[in-house]
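One structure is given here, and the rest of the page talks about it.
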Amino acid sequence: MILDTYEDSDNTEVLFSYLPAWEMFFSMHVLADWDHHMYRRRWAERIYGKEPKLVERIAGLGEITDKWNFVIDAPWWGQIRQMEIGEMLSFLQKKNIYQWNEMIGYTGRKMDIAARDAVVRTLKEYYERIFEREERLLRPYLTRILKKEEERCRKLGIWQWCSGIHPRLLVEEDRIIYLKNREYCYEKSQIRRIYVMVSSFVNPHLWMYKGEGELEMVKAVLVEQAQDGVPEKCVLVFKALGDTTRLNIVKLLMQGTLTTQELAQKMGISEAGVSRHLRVLNQAGLVSKSMKGHFVEYNFLTEMIDFIPYTFYETMML
């Protein structure tokens with residue numbers, strides 16, 4: 001839903017948008033890993049108390065759905081962005097499995113029909129049982145906040161407004177730099193349209209979606225105070241890497257997929273010992289495993305290492 005538009009001094013079109021589908025997907029992202037989202041943990045605990053099995057299913061589908069970012073990060077998002085949630089659900093339900101795999105192609109994963117049906121069913125149940133009511137409460141609040149941000153944006157100019165969104169978004173004279181697991185650099189001259197949004201679920205992330213000549217810029221709106229402490233998942237990652245044997249396992253897995261037996265042979269330790277270390281790495285999300293005949297193969301998730309500086313920064317900024 002576009003609330004208002006204007007043209008900035010450099011001819012960039014600025015659209016102030018409340019996007020209910022975006023907010024719903026990011027609320028599911030929070031439920032898939034609420035330990036990381038300190039500013040929404042009380043909300044997540046409340047939802048879990050009401051619907052534990054549904055929340056567990058949302059978390060269980062987190063890997064195949066890119067933690068529920070699979071729609072708002074996909075090429076289709078431009079078609080879906082302005083839809084109401086019911087319309088969006090109908091749109092997704094009509095797509096066949098080939099179209100779904102085209103949508104999630106950016107993740108490097110594939111869905112089968114059963115997984116697609118489980119995702120659709122979970123989306124519908126979550127909306128009907130939880131988010132429909134949540135969204136009725138959020139919409140008037142967020143649209144009021146968005147109108148205030150519009151006043152600031154018109155006064156400051158879009159690029160100065162963007163510079164205050166997040167410490168990892170750098171606005172320079174001719175370009176903007178988005179610091180995540182690497183630098184994403186965009187020339188201002190290439191940006192024709194910017195969607196300005198606010199969200200009660202995005203914190204601590206910096207979200208910036210880039211389409212053809214357009215950006216989405218999302219400013220966090222805090223609705224609860226952060227709970228103290230460091231996310232357990234962050235602790236698990238650093239504990240898992242704080243051991244010489246596990247680092248040697250990581251070194252071997254970075255060269256390719258290996259079974260428990262192959263790792264034991266290469267390292268000169270027992271299979272039981274290797275399994276204990278792999279269990280720690282798996283719990284931290286640093287390795288994935290799959291069956292190959294009678295053997296379990298392990299694969300190191302390189303992107304987890306890429307994200308360590310980013311995750312550390314986000315955690316310490318809480």
Does a salt bridge link [X] with [Y], judged by any charged N lying under 4.0 Å from a carboxylate O?
{"X": "D33", "Y": "K67", "value": "yes"}
{"X": "K53", "Y": "E56", "value": "no"}
{"X": "D4", "Y": "R154", "value": "yes"}

> Who passes side-chain hydrogen bond (donor to acceptor under 3.5 Å, both in side chains) against Y298, sequence neighbours left out?
Replying inline: none
Quick one, [X] and [Y] - any side-chain contact, counting heavy atoms below 4.5 Å?
{"X": "L241", "Y": "L286", "answer": "yes"}
{"X": "F131", "Y": "M28", "answer": "no"}
{"X": "W161", "Y": "V196", "answer": "yes"}
{"X": "I72", "Y": "F26", "answer": "yes"}
{"X": "N101", "Y": "M111", "answer": "yes"}
{"X": "Y6", "Y": "C153", "answer": "yes"}
{"X": "R152", "Y": "K219", "answer": "yes"}

Looking only at atom types and distance, does a side-chain atom of [X] sit under 3.5 Å from a main-chain N or O of [Y], one as donor and one as acceptor?
{"X": "S90", "Y": "E87", "value": "no"}
{"X": "R246", "Y": "K239", "value": "yes"}
{"X": "R139", "Y": "Y18", "value": "no"}
{"X": "K188", "Y": "E173", "value": "yes"}
{"X": "W100", "Y": "L92", "value": "yes"}
{"X": "T12", "Y": "D8", "value": "no"}
{"X": "R40", "Y": "W34", "value": "no"}
{"X": "E271", "Y": "T260", "value": "no"}
{"X": "Q99", "Y": "N96", "value": "yes"}
{"X": "S199", "Y": "F201", "value": "yes"}

Count the heavy atoms belonging to other residues, nucleotides or ligands that lie under 6.0 Å from [atom1] of [X], then report whether that count exceeds 12.
{"X": "Q261", "atom1": "CD", "value": "yes"}
{"X": "K95", "atom1": "NZ", "value": "yes"}
{"X": "I113", "atom1": "CD1", "value": "no"}

>> Could you walk me through whether F300 and L281 satisfy the side chain to side chain contact (heavy atoms under 4.5 Å, CB included) test, starting with their C-alpha distance in whole Å, then the side-chain angles of each, then the deciding distance to 0.1 Å, before giving a yes or no?
In response: CA-CA 9 Å; F300 182 67; L281 291 167; 5.9 Å; no
What pair of heavy atoms forms the shortest contact from [X] to [Y], and how long is it?
{"X": "K266", "Y": "L258", "answer": "CE-CD2, 3.9 Å"}
{"X": "K289", "Y": "V296", "answer": "CB-CG1, 3.8 Å"}
{"X": "N282", "Y": "V287", "answer": "ND2-O, 3.2 Å"}
{"X": "I177", "Y": "C185", "answer": "CG1-SG, 4.2 Å"}
{"X": "E84", "Y": "P20", "answer": "OE1-CG, 3.8 Å"}

>> The test is salt bridge (charged side-chain N to carboxylate O under 4.0 Å, His left out); show your working for E150 and K147 and say whether it passes.
In response: CA-CA 5 Å; E150 179 186 358; K147 287 175 181 176; over 6 Å; no
>> Before you tell me yes or no, could you show the steps for E51 and E125 under side chain to side chain contact (heavy atoms under 4.5 Å, CB included), namely the whole-Å CA-CA distance, both residues' side-chain angles and the distance that decides it to 0.1 Å?
In response: CA-CA 11 Å; E51 294 281 357; E125 288 183 25; over 6 Å; no
Among [options], which one satisfies side chain to side chain contact (heavy atoms under 4.5 Å, CB included) with [X]?
{"X": "Y48", "options": "L31, L54, V55", "value": "V55"}
{"X": "S27", "options": "W22, Y126, W68", "value": "Y126"}
{"X": "V71", "options": "M103, R81, M24", "value": "M103"}

What's the separation between atom [atom1] in [X] and atom [atom2] in [Y], rounded to the nearest 0.5 Å?
{"X": "I104", "Y": "K110", "atom1": "CD1", "atom2": "NZ", "value": "9.5 Å"}
{"X": "L19", "Y": "Q82", "atom1": "CG", "atom2": "CD", "value": "5.5 Å"}
{"X": "F16", "Y": "M1", "atom1": "CZ", "atom2": "CE", "value": "14.0 Å"}
{"X": "C162", "Y": "Y178", "atom1": "SG", "atom2": "OH", "value": "13.0 Å"}
{"X": "Q265", "Y": "T259", "atom1": "CD", "atom2": "OG1", "value": "9.0 Å"}
{"X": "E132", "Y": "I85", "atom1": "CD", "atom2": "CD1", "value": "8.5 Å"}

With hydrophobic residues grouped by side-chain heavy-atom distances under 4.5 Å, do [X] and [Y] end up in a single group?
{"X": "Y106", "Y": "I97", "result": "yes"}
{"X": "V280", "Y": "V274", "result": "no"}
{"X": "V14", "Y": "L156", "result": "no"}
{"X": "L3", "Y": "I158", "result": "yes"}
{"X": "L137", "Y": "L142", "result": "no"}

>> For a side chain to side chain contact (heavy atoms under 4.5 Å, CB included) check, start with the C-alpha distance between R175 and E187, then their side-chain angles and the critical distance, and finish with the verdict.
In response: CA-CA 4 Å; R175 62 181 186 165; E187 299 296 324; 4.1 Å; yes
>> Under 6.0 Å from the ring centre and within 45 degrees of the ring axis: does the NZ or CZ of K94 meet both conditions for the six-membered ring of F91?
In response: no
>> Apply side chain to side chain contact (heavy atoms under 4.5 Å, CB included) to residues L253 and L263 and explain how you reach the verdict.
In response: CA-CA 9 Å; L253 290 177; L263 283 166; 4.2 Å; yes
